[in-house]
S.K.: 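Quick one: this structure, given as structure tokens, is what I'll be asking you about.
Counting convention: from 1, in listed order, for ligands and their atoms alike. Quantities reported herein were computed from a predicted structural model and do not represent experimental measurements.
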Amino acid sequence: MNRHDAVVVGSGPNGLAAAIELARAGRSVLVREAADEIGGGLRSGEVTLPGFIHDLCSAIHPMAAASPFFRTIPLEEHGLQWIEPPLLLAHPLDGGEAAFLRRSVEATAEGLGVDSGAYARAFHPLVDAWPQLETALLGPLVRVPRHPVPLARFGLEAIWPATRFARRRFRDEPARALFAGLAAHSTISLDQIASASFGLVLGVTAHAVGWPLPRGGSQSIADALASYLRSLGGEIVTGAPVESLDEVSEAKTVLLDVTPRQFLGLAGDRLGGRYRQALERFRYGPGVFKLDWALSGPIPWAAPECAEAGTVHLAGTLEEIADSERAPERGQTSDRPFVLLAQPTMFDPSRAPDGRHTAWGYCHVPNGSTADMTEAIERQIERFAPGFGERVVARSAVGPAELERRNANLVGGDIAGGSNALRQLIARPALRPVPYSTPLEGVYLCSASTPPGGGVHGMCGYLAAQAALRGPASPSCSATPPPATPRRSSARPGAAPRGEAHPSAPGEPR
Ligand SMILES: Cc1cc2nc3c(=O)[nH]c(=O)nc-3n(C[C@H](O)[C@H](O)[C@H](O)COP(=O)(O)OP(=O)(O)OC[C@H]3O[C@@H](n4cnc5c(N)ncnc54)[C@H](O)[C@@H]3O)c2cc1C
């Protein structure tokens with residue numbers, strides 16, 4: 001271990017991003033991964049039947065497409081191919097109708113009837129301002145913004161609870177439900193302050209950068225990141241859990257792709273005082289119950305156009321989604337859960353035998369819940385796709401305990417690295433000028449428990465590595481622009497610089 005300048009603990013997207021940034025700065029880097037495979041939330045595997053490849057965690061990647069850090073990496077040269085489904089999101093309604101999120105604001109708005117003007121007014125200005133907004137939103141919120149005017153405009157809309165935002169802005173169910181489904185990615189109740197921010201960011205990314213999925217499964221993102229890291233001289237060992245900081249004390253710099261609870265365990269009595277208290281107070285969000293299906297054919301949607309969407313949100317109305325997302329905060333599960341579903345083989349046949357398909361879906365449950373949501377989730381699919389059950393050849397079901405067993409970062413099944421309530425969007429994991437730094441010299445946190453939080457974007461790792469490279473002498477998030485950042489694909493090599501500096505990095509919910 002003492003051969004390396006830096007050790008990164010954990011090979012999730014943020015651990016790999018941190019390692020890449022350190023290696024690019026000329027540091028020798030070792031990544032130690034507890035699991036037998038790299039990737040953390042980016043792993044794929046045959047969990048139902050041979051030949052059916054399922055994404056064990058992330059499936060759809062708006063934040064990767066939006067990530068200024070990913071744009072600096074030649075991921076396509078390292079084997080990554082993005083696929084963009086014809087429709088980004090379908091939101092079926094009872095009666096065979098559906099709302100759709102399309103690549104352009106205009107086309108999306110056209111499908112929303114009486115709300116078409118309201119939708120365009122809500123999203124057009126934000127999409128236009130996205131190049132300025134992304135640097136602010138994909139990093140720590142507590143810092144001096146480089147573009148205060150667009151950020152203030154965004155903040156005035158984003159601060160609303162999603163339920164209030166949707167009812168105030170839209171008159172009819174399709175637009176309200178479409179927005180509520182986007183906001184429900186927040187994993188917080190849609191009545192909570194600032195829950196609208198998640199709906200706005202996800203909607204804007206759809207129009208600004210798209211919601212792509214990687215050919216072959218999410219593992220291919222991890223494999224491309226690892227391949228690039230190795231090309232820079234970085235090393236990765238798997239099946240190598242770190243149990244204590246003593247094991248990595250020889251390295252000058254240690255970056256931890258772990259959540260606060262694990263950090264407390266790794267640090268033992270090294271951590272004390274207010275920082276320790278802040279980590280002990282850190283709150284985790286709801287868990288998820290996840291299903292993967294091997295299917296004999298495509299999902300038989302009542303609204304046929306749903307087949308063209310990479311992601312499908314199932315729960316019908318705004319009220320139903322809001323009810324479902326309130327339940328985990330009350331320690332309850334919903335009989336009619338909001339289900340997030342992806343159908344990758346409709347666009348990527350490499351993941352299943354000829355003519356066969358896979359589907360991926362989950363709903364939110366209380367943190368640590370032992371409830372089996374299989375029937376409730378499948379009822380929701382059947383409601384909008386009668387005959388779905390007859391196409392199920394095999395299924396894999398995992399709840400919070402199994403998710404956490406596979407990846408210690410998924411505490412109680414929380415997939416976001418901690419609650420997304422406003423307090424923890426601001427102080428993540430504690431209120432500090434540089435949230436990645438810790439009171440332990442040379443030790444940094446770089447997981448989704450730091451800004452900008454959950455999702456596959458690598459920005460937590462990138463920003464943490466930048467903080468480590470600056471060292472303790474530079475406490476503020478000073479501007480270090482990323483290398484060349486091409487505008488669209490996360491991996492196109494050699495494109496022109498965008499000239500937009502992040503106040504501590506290149507710049508990118510969840
Ligand atoms: C079911 C599910 C669905 C999701 N869907 C999406 C999606 O569609 N799109 C999206 O953008 N995001 C999605 N996410 C979220 C996304 O996967 C995470 O936000 C992201 O992976 C967080 O990255 P990370 O690097 O912080 O941590 P992780 O990806 O969790 O990686 C942490 C790594 O550290 C390792 N580790 C932990 N402790 C130790 C230790 N002591 N020693 C060594 N190694 C250790 C773990 O084994 C793991 O490999 C989903 C997550 C889940 C679980």
S.K.: A side-chain contact here means heavy atoms from C-beta on lying under 4.5 Å apart; do F263 and T259 qualify?
M.R.: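 Answer no - side chains too far apart.
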
S.K.: May I ask whether C460 places a heavy atom under 4.0 Å from ligand 1?
M.R.: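 No.
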
S.K.: Taking atom types as modelled, is there a side-chain donor on N14 or S447 under 3.5 Å from an acceptor on the other?
M.R.: no

S.K.: Do you see a donor-acceptor pair shorter than 3.5 Å between the side chains of E250 and H4?
M.R.: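 E250 vs H4: no donor-acceptor pair found between side chains.
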
S.K.: Which word best sums up how the rings of H313 and W211 line up, parallel for under 30°, tilted for 30 to 60°, or perpendicular for over 60°?
M.R.: tilted

S.K.: Can you list the atoms of ligand 1 that are under 4.0 Å from a heavy atom of Q262?
M.R.: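 What qualifies from ligand 1 is 37 (C), 38 (N).
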
S.K.: Report yes if some N/O of L56 lies less than 3.5 Å from some N/O of ligand 1; otherwise report no.
M.R.: no

S.K.: Is L56 close to V47 at the side-chain level, that is, under 4.5 Å between some pair of heavy atoms?
M.R.: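 Yes. Closest side-chain heavy atoms under 4.5 Å.
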
S.K.: Look at atom 53 (C) of ligand 1 and say which protein heavy atom is nearest, naming residue and atom and giving the distance to 0.1 Å.
M.R.: I415 CG2, 3.2 Å

S.K.: Atoms of ligand 1 less than 4.0 Å from S447 heavy atoms?
M.R.: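 Those qualifying, in numeric order: 26 (O).
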
S.K.: Among S58, P13, A18, S218, which one has a heavy atom closest to atom 50 (C) of ligand 1?
M.R.: S58

S.K.: Of I377, T370, L403, which is the lone residue that meets side-chain contact (heavy atoms from CB on, under 4.5 Å) with F289?
M.R.: I377

S.K.: Which is closest to atom 17 (O) of ligand 1 by heavy-atom distance: G361, G41, A64?
M.R.: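 Comparing heavy atoms across G361, G41, A64, the nearest one to atom 17 (O) of ligand 1 lies in G41.
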
S.K.: Side chains of R43 and N407, heavy atoms from C-beta outward: is any pair under 4.5 Å?
M.R.: yes

S.K.: Does ligand 1 have any atom that is closer than 4.0 Å to a heavy atom of G417?
M.R.: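 Under 4.0 Å: no for G417.
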
S.K.: Got the closest protein heavy atom to atom 1 (C) of ligand 1, with its distance?
M.R.: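 Of the protein heavy atoms, K290 CD, 3.5 Å lies nearest.
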
S.K.: Could you tell me whether the side chain of Q424 and the main chain of P429 form a donor-acceptor pair under 3.5 Å?
M.R.: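 It does not hold such a pair.
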
S.K.: Considering the heavy atoms of V9, write down every atom of ligand 1 situated less than 4.0 Å from one of them.
M.R.: 40 (C), 42 (N), 43 (C)

S.K.: Within less than 4.0 angstrom of ligand 1, does L403 place any heavy atom?
M.R.: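 L403: no contact with ligand 1 (<4.0 Å).
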
S.K.: I need the nearest protein heavy-atom contact for atom 30 (O) of ligand 1: residue, atom name and distance, please.
M.R.: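 Looking at atom 30 (O) of ligand 1, the protein heavy atom closest to it is N407 ND2, 2.8 Å.
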
S.K.: Side chains of Q192 and E329 only: does a donor on one sit below 3.5 Å from an acceptor on the other?
M.R.: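 Yes, because at least one side-chain N or O of Q192 sits under 3.5 Å from a partner of the opposite role on E329.
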
S.K.: Is the shortest side-chain N to carboxylate O distance from D246 to R270 below 4.0 Å?
M.R.: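 A salt bridge links D246 with R270.
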
S.K.: Ignoring hydrogens, what is the shortest heavy-atom contact between G216 and I53? Give both atom names and the distance.
M.R.: O-CG2, 3.8 Å

S.K.: Can you tell me if R32 and S11 form a side-chain donor-acceptor pair at under 3.5 Å?
M.R.: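 No - no donor-acceptor pair under 3.5 Å links their side chains.
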
S.K.: Name the closest protein heavy atom to atom 31 (O) of ligand 1, giving the residue it belongs to and the distance to 0.1 Å.
M.R.: G12 CA, 3.2 Å

S.K.: Just heavy atoms, cut-off under 4.0 Å: does N14 contact ligand 1 by side chain, backbone, both, or neither?
M.R.: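 Both backbone and side chain of N14 come within 4.0 Å of ligand 1.
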
S.K.: Determine whether the side chains of T48 and H54 contain a donor N or O and an acceptor N or O closer than 3.5 Å.
M.R.: yes

S.K.: Please identify which atoms of ligand 1 are closer than 4.0 Å to at least one heavy atom of P241.
M.R.: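 Those atoms are 42 (N), 43 (C).
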
S.K.: Are any of the N/O atoms on D257, whether in the backbone or the side chain, positioned under 3.5 angstrom from an N/O atom of ligand 1?
M.R.: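 Such a contact does occur with ligand 1.
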
S.K.: Can you find an N or O of V288 that's nearer than 3.5 Å to an N or O of ligand 1?
M.R.: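 V288 vs ligand 1: no N/O contact under 3.5 Å.
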
S.K.: What about the rings of H185 and F198, do their centers lie closer together than 6.0 Å?
M.R.: no

S.K.: Taking the six-membered ring for Trp, are the ring centroids of W293 and F388 within less than 6.0 Å of each other?
M.R.: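 So the answer is yes for these two rings.
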
S.K.: Could you check atom 47 (O) of ligand 1 against the protein and tell me its nearest heavy-atom contact, residue, atom and distance included?
M.R.: E33 OE2, 2.6 Å

S.K.: Does the N or O separation between W360 and ligand 1 drop below 3.5 Å for any pair?
M.R.: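 Among all N and O atoms of W360, none is under 3.5 Å from an N or O of ligand 1.
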
S.K.: Among all protein heavy atoms, pick the one closest to atom 16 (C) of ligand 1 and tell me residue, atom and distance.
M.R.: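 Here the nearest protein heavy atom works out to V456 CG2, 4.0 Å.
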
S.K.: Any idea which atoms of ligand 1 are less than 4.0 Å away from a heavy-atom of V242?
M.R.: 40 (C), 41 (N), 42 (N), 43 (C)

S.K.: Between A464 and C446, what is the shortest heavy-atom contact and its length?
M.R.: CB-CB, 3.4 Å

S.K.: To which protein heavy atom is atom 19 (O) of ligand 1 closest, and what is the distance rounded to 0.1 Å?
M.R.: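 Residue, atom and distance for the closest contact: G455 N, 2.7 Å.
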
S.K.: What are the atoms of ligand 1, with element, lying closer than 4.0 Å to any heavy atom of G40?
M.R.: 29 (O), 31 (O), 48 (C), 49 (O)

S.K.: Can an N or O of A240 be found at a distance shorter than 3.5 Å from an N or O of ligand 1?
M.R.: no

S.K.: Out of all atoms in ligand 1, which are within 4.0 Å of some heavy atom of R32? Include the element for each.
M.R.: 43 (C), 44 (N)

S.K.: Among all protein heavy atoms in this structure, tell me which lies nearest to atom 43 (C) of ligand 1, with the distance rounded to 0.1 Å.
M.R.: A34 N, 3.2 Å

S.K.: Short list, please: which atoms of ligand 1 are under 4.0 Å from a heavy atom of G454?
M.R.: 19 (O)

